[in-house]
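Report on the following structure.
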2 protein chains.
Amino acid sequence: MFQFSIPRWRLSNAKAEAPRNSYCVFALGRRPSGNMIRPFARCRLPTALLAKFRARNAAGLAVADLIKQLFSRERSFAAGTDLARQFSQPANCALLIEGVAAQYRILSNGRRQITSILVPGDFVNLHSMIVGQEPYSVLALDMCRVLVAEAEQFRSALSNSTELGRILWMETLTEAAIQRESIVSMGRRTALGHLAHFICELHERVSMVGKAAGNSFQLPLTQSDLADALGLSVVHVNRLLKTMRSDGLLSWSNSVVSILNEYKLREIAEFDPSYLGFRQVRQAGVSFSEA
Amino acid sequence: MFQFSIPRWRLSNAKAEAPRNSYCVFALGRRPSGNMIRPFARCRLPTALLAKFRARNAAGLAVADLIKQLFSRERSFAAGTDLARQFSQPANCALLIEGVAAQYRILSNGRRQITSILVPGDFVNLHSMIVGQEPYSVLALDMCRVLVAEAEQFRSALSNSTELGRILWMETLTEAAIQRESIVSMGRRTALGHLAHFICELHERVSMVGKAAGNSFQLPLTQSDLADALGLSVVHVNRLLKTMRSDGLLSWSNSVVSILNEYKLREIAEFDPSYLGFRQVRQAGVSFSEA
DNA sequence: CGCTCTGTTGAGCCGCATCAACACCAGTGG
DNA sequence: CCACTGGTGTTGATGCGGCTCAACAGAGCG
């Protein structure tokens, strides 16, 4: 049913072939390989989101029900397709429930910067629901499944429930916190620290929505994607991963990351997960699904 | 009345003396010098914020009145003092109406990264009103004046008006958009482009709240602050400024930036102001106060 | 007066980019 | 069956952008 072999835009070192001066959110995608590990349960309805709310002690039952009602239709996107396009005025709001996506921007020299990675439980286009227009595009890196709500219904629900607004506003605040942390990494961490922080954060986020298997989780990024997320070159990312592997910090193959020495990794990253806003703190080395 | 000579934390290349692993928002401050230019009208009440709303066609009169009522008390902060502290649970919400502030983070090696600059019309601690705890601190770079609202009253106003929530949520969305743009700059722009973008953005934001005088505006950052905002070294920032000056792009002295060749500057920056969310677009080279 | 903060410039070096080549794999078409 | 292609990962060689260290000048302040 889904085309997995859709040619993906070359992300790093792309010079001439891609749209310019635009933000994008894209589903990061790669072809399934024969021995690809998919150990994670499918996420039905917005359980990923609700797990996040729970971890934050954030949402009451009423809001959870409201969200369930609003986001009732499901859509799928093949890897390499756009979940959202910059400057469009989408007719519905999407909540990612499976897969990994990335919002990005391309400059006129063809260089690309991924500004954020979306995992299940994240909203794709809250911005456009409030401001009216997509500020970037989103690409599916993986095969992505989303739940959609009609923009009209969504907006009217917002104007009837201050609680719903507060909860979703909190999502935006967390997104901003994540981006701040990313700015810190880019500006003042070493390349290795930046990479370590990136991985720690994604592990934490994926764990919190019940999508990690202990210290392993699925992360369908190519090294090229990773380079564009970190603001480094592909070659350098390759070498960083090599040193991490040889230092016994992690393994990464077939889109599955396994953190082998979480303590050390966090130390290198100076990772402090409090900015993610989870009250329920995951002990390093112990994932929720084990607890 | 105000102490201007408060020793400021050394921002760049600070090695050992500063608090660690913490976000901060600080009022960026510098001493007033004899010939310091202060050509800008003082901002009474939340006029800066209201100008912003107007530029976005965002807020109705009811909300504007509500905000005026809520933010009725005024406080001042000397340059170098904290407007907000990480991990605190502030008892009120602050809206900056004069001065410039910065939120930042310090890593264990003593390096500092400024994650965002606040100008009049920006809220200091919306995050903590919703999430409950400051995610960073804010330092006054300048002498800062803020209007404050009681957290209790603020929260109850939020739970009574979905419109108020929507408007303030929009502020957070814009903040996130600004940070995304900063990530793009850090990752994929040249250092010169990054600096150019930084200046274009601040000029735009300051203009939109009526605080610029044509192509000049007050920007009380030291080169050290600037380095920490851009993620560069002080020395390199100094050299970038030198080339910009000698290329006739801008002048910058006594905390006043004058953009001399806005077209060229925007070109270098690949600056597209649409992410700031202003419907009412300022023509390059023409400021509102002139129109 | 000395002290601190800021801005400025030079010298030297390193982290990371760039360029290039090659290996591997999955598809694809003859 | 094969050659061929495009995406990805890997490694070496080389060079540059920006960092680090260091020194000095000017301004404001105690």
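Chain A is the first sequence line, chain B the second, and so forth, proteins listed ahead of strands; every chain is numbered from 1.
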**Study point:** Full working for side-chain contact (heavy atoms from CB on, under 4.5 Å) between B/Leu241 and B/Leu195
**Key:** CA-CA 9 Å; B/Leu241 285 173; B/Leu195 174 56; 4.0 Å; yes
Practice item. For A/Glu270 and B/Ser108, run side-chain hydrogen bond (donor to acceptor under 3.5 Å, both in side chains): C-alpha distance rounded to whole Å, both residues' side-chain angles, the deciding distance at 0.1 Å, then the answer. Key: CA-CA 8 Å; A/Glu270 293 190 40; B/Ser108 67; 2.7 Å; yes
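As a whole-Å value, the separation of B/Asn254 CG from C/dT6 P is 14 Å. Between the CG atom of B/Leu195 and the C1' atom of D/dG18 there is a distance of 14 Å, given to the nearest Å. Protein atom CH2 of A/Trp252 is 16 Å distant from nucleotide atom C1' of D/dT10, rounded to whole Å. The CG-C1' distance, from B/Asp228 to D/dC19, rounds to 14 Å in whole Å. Taking atom CE of residue A/Met186 and atom C1' of nucleotide D/dG18, one finds them 17 Å apart after rounding to whole Å. As rounded to whole Å, 14 Å separates atom P of D/dT10 from atom CE of A/Met244.
Considering only side-chain N and O atoms, B/Asn238 lies under 4.0 angstrom from the phosphate OP1 or OP2 of C/dT8.
Using a 4.0 Å cut-off between a side-chain N of Lys or Arg and a carboxylate O of Asp or Glu, B/Asp122 and B/Arg205 qualify as a salt bridge. Between A/Arg266 and A/Glu204, at least one side-chain N (NZ, or NE/NH1/NH2) sits under 4.0 Å from a carboxylate O, which counts as a salt bridge. The residues B/Arg188 and A/Asp228 are annotated as salt-bridged, a charged nitrogen and a carboxylate oxygen being separated by less than 4.0 angstrom. By the 4.0 Å N-to-carboxylate-O rule, B/Glu181 lies close enough to B/Arg189 to be salt-bridged with it.
Looking at the side chain of A/Gln223, the nearest of the listed nucleotides D/dG9, C/dG7, C/dT8 is D/dG9.
The minimum heavy-atom distance linking A/Gln179 with B/Ala176 is given by the pair OE1-O, 3.1 Å.
The backbone N or O of B/Gly214 sits less than 3.5 Å from a side-chain atom of B/His203, completing a donor-acceptor pair.
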Produce the list of close N/O pairs, under 3.5 Å, pairing protein atoms with atoms of nucleotides 13-16 of chain C; give distances to one decimal.
unit_1: C/dC16; atom_1: OP1; unit_2: A/Ala191; atom_2: N; d: 3.4
unit_1: C/dC16; atom_1: OP2; unit_2: A/His236; atom_2: NE2; d: 3.3
unit_1: C/dC16; atom_1: O5'; unit_2: A/His236; atom_2: NE2; d: 3.3

Nucleotide N/O to protein N/O under 3.5 Å, stretch nucleotides 12-14 of chain D:
unit_1: D/dG12; atom_1: N7; unit_2: A/Arg239; atom_2: NH2; d: 2.4

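Looking at A/Gln218 and A/Ser255, their side chains never bring a donor and an acceptor atom within 3.5 Å of each other.
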